[in-house]
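The block underneath contains the structure these notes are about, expressed in structure tokens.
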Amino acid sequence: MTGTHIAAPFTPADRVRRIKESPSTAAAARVRELKAAGNRIFDFTVGQPDFDTPQHIKDAATRAMHAGDTRYTSVNGTVELRAAIRERMERTSGISYPDGSITVGGGAKQVIYLAFSATLDAGDEVIIPTPYWVSYPDMVGANDGTPVVVQTKAQDRYKITPAQLREAITPRTRWLILNSPSNPTGVAYTQAELHALAAVLQEAPHVWVLSDEIYDDITFTDQPLLGLAAAAPSIRSRVLTVNGVSKSYAMTGWRLGYAVGVPALIGAINLLQSQTSTCPSSISQAGAVAALTGDQSFVAETVRAYRQRRDRALELIADVDGLNPIEPDGAFYLFVDCEGLLGRRTPQGAELTNDQEVTLYLLEEAGVAVIQGSAFGAEPFFRMSYATDLDTIEDGIAAIAAAVARLQ
Ligand code: PLP
């Protein structure tokens, strides 16, 4: 009976039915399809650097392979990598963390997932300010938690305020997620804003904060940004700082992220990791050591490039009638308010009524791929990544402008 396909009834677990595919992954698949069909597409959906991983990092990984570093490592990562993370944390935050405070995983994404898995029981609440990274609510839901979405406002530059936080906290609140600089807006919390949030959290000792700082190297502010644990010592013991090498060092495919927090929490995450993946790739860990301890000029050079692209993209988008971009402090995304396009009609006579229709119109009329704001819990917006070359940014936004001009 070889080669015979046998169909069996399959029902996924409730956990799977609670989650959906990441919209950015889905959008990327659609772009690949259109490109394969021969269409020219300006792709602004990608959430990863367009640069290649620096050579010294690749070399370190190659050396590790040749040296036989090809076996399981300890669950919480190699001694060298934990030391490199400790040094990095000390350099950027001034905090000296003991060894048991650090864990590494297969990307920040996996570490965040395990952190929820390690802490959430059915009905536990997680406060997620909008616009949020698409994966947070699904990761909370997959781990039996309840996402409590807080709508932020334009006047607050789309950051949660102390009053909003106070109102969202209940006896069931387990976590607040902060992501600074943010995907998708690029806005970052100032030290004063972090202090003000910490003051609210001081009154709610049952609430912990997952501080996702994956874009902290990619900032355009005059002062370097301080992470939450450094900015708010009064709540430091309840902060889980999450970071990784994906964005800063163009290492998204290496799948290496880490978290730093109190040893009891880190221990719970390690326990779960020991029964899931055991440890992240030994080769990637060697690469991450080189990334964190080696020459940092790649980071400075790429941040200069992102800044130039941000400035150009902002300038061009702001000139399009009906579009209103949020000025980012960091990361490589532009979140664009497209309310001004709603109510207009396409050349085919269809009225644009929401950001999904705007996104579809831009794909069909302009060959421009962006992701609708509703995927990030905020409407009507779209996110465009400027982790691409200046020519693509200029030509793509010119195509957007031309398509918008054809609306009535
Ligand atoms: N956190 C945010 C806000 C992100 O945008 C991403 C990736 O897009 C991640 C975490 C996951 O990064 P990693 O590649 O380390 O899993």
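In each ligand, atom 1 is the first atom listed, and ligand 1 is the first ligand listed. Positions are given from 1 along the sequence.
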List the closest protein heavy-atom neighbour of atom 8 (O) of ligand 1: residue, atom name, distance to the nearest 0.1 Å.
K247 NZ, 2.7 Å
So, is A108 polar-close to ligand 1, with some N/O to N/O distance under 3.5 Å?
yes
Are any of the N/O atoms on Y136, whether in the backbone or the side chain, positioned under 3.5 angstrom from an N/O atom of ligand 1?
no
When you compare ligand 1 with K109, is there at least one nitrogen or oxygen pair between them that comes in under 3.5 angstrom?
yes
Return the minimal non-hydrogen interatomic distance between Y249 and P54, and the atom names on each side.
O-CD, 3.4 Å
What pairs of residues pass the side chain to side chain donor-acceptor pair (under 3.5 Å) test when at least one of them lies in residues 353-368, not counting sequence neighbours?
T353-E357, D355-S374, E365-R406
Hey, does G244 sit under 4.0 Å from ligand 1 if you only count heavy atoms?
no
Those residues at least two apart in sequence (or on a different chain) that pass ring-ring contact (aromatic ring centres under 6.0 Å, His included) with F382 are none
Would you call the rings of F44 and F42 parallel, tilted or perpendicular if under 30° counts as parallel and over 60° as perpendicular?
parallel
Starting from atom 1 (N) of ligand 1, which protein heavy atom do you reach first, and at what distance in Å?
D212 OD2, 2.6 Å
In terms of residue, atom name and distance, what is the protein heavy atom nearest to atom 16 (O) of ligand 1?
R255 NH2, 2.7 Å
So, do Y215 and Y306 have ring centers that fall under 6.0 Å from each other?
no
Using a 4.0 Å cutoff against the non-hydrogen atoms of N179, which atoms of ligand 1 qualify?
3 (C)
Per-atom contacts, ligand 1 versus G107 - under 4.0 Å to a heavy atom
15 (O), 16 (O)
the protein heavy atom lying closest to atom 11 (C) of ligand 1 turns out to be W133 CH2, 3.7 Å
Provide, to 0.1 Å, the distance between atom 14 (O) of ligand 1 and the closest protein heavy atom, together with that atom's residue and name.
S246 OG, 2.7 Å
Mark yes or no for whether H206, through its side chain, and R172, through its backbone, hold a donor-acceptor pair below 3.5 Å.
no
Classify the ring geometry of Y386 against F220: parallel below 30°, tilted from 30° to 60°, perpendicular beyond 60°.
tilted
Check: R310 side chain, P328 main-chain N or O, donor-acceptor pair, under 3.5 Å
yes
Report yes or no: does K159 contribute a side-chain atom to a donor-acceptor pair with the main-chain N or O of P129 at less than 3.5 Å?
no
Looking at ligand 1, does any of its N/O atoms fall within less than 3.5 Å of an N/O of Y333?
no
Heavy-atom gap I214 to ligand 1 smaller than 4.0 Å
yes
Taking only heavy atoms of Y215, which atoms of ligand 1 are found under 4.0 Å from at least one of them?
3 (C), 4 (C), 5 (O), 8 (O)
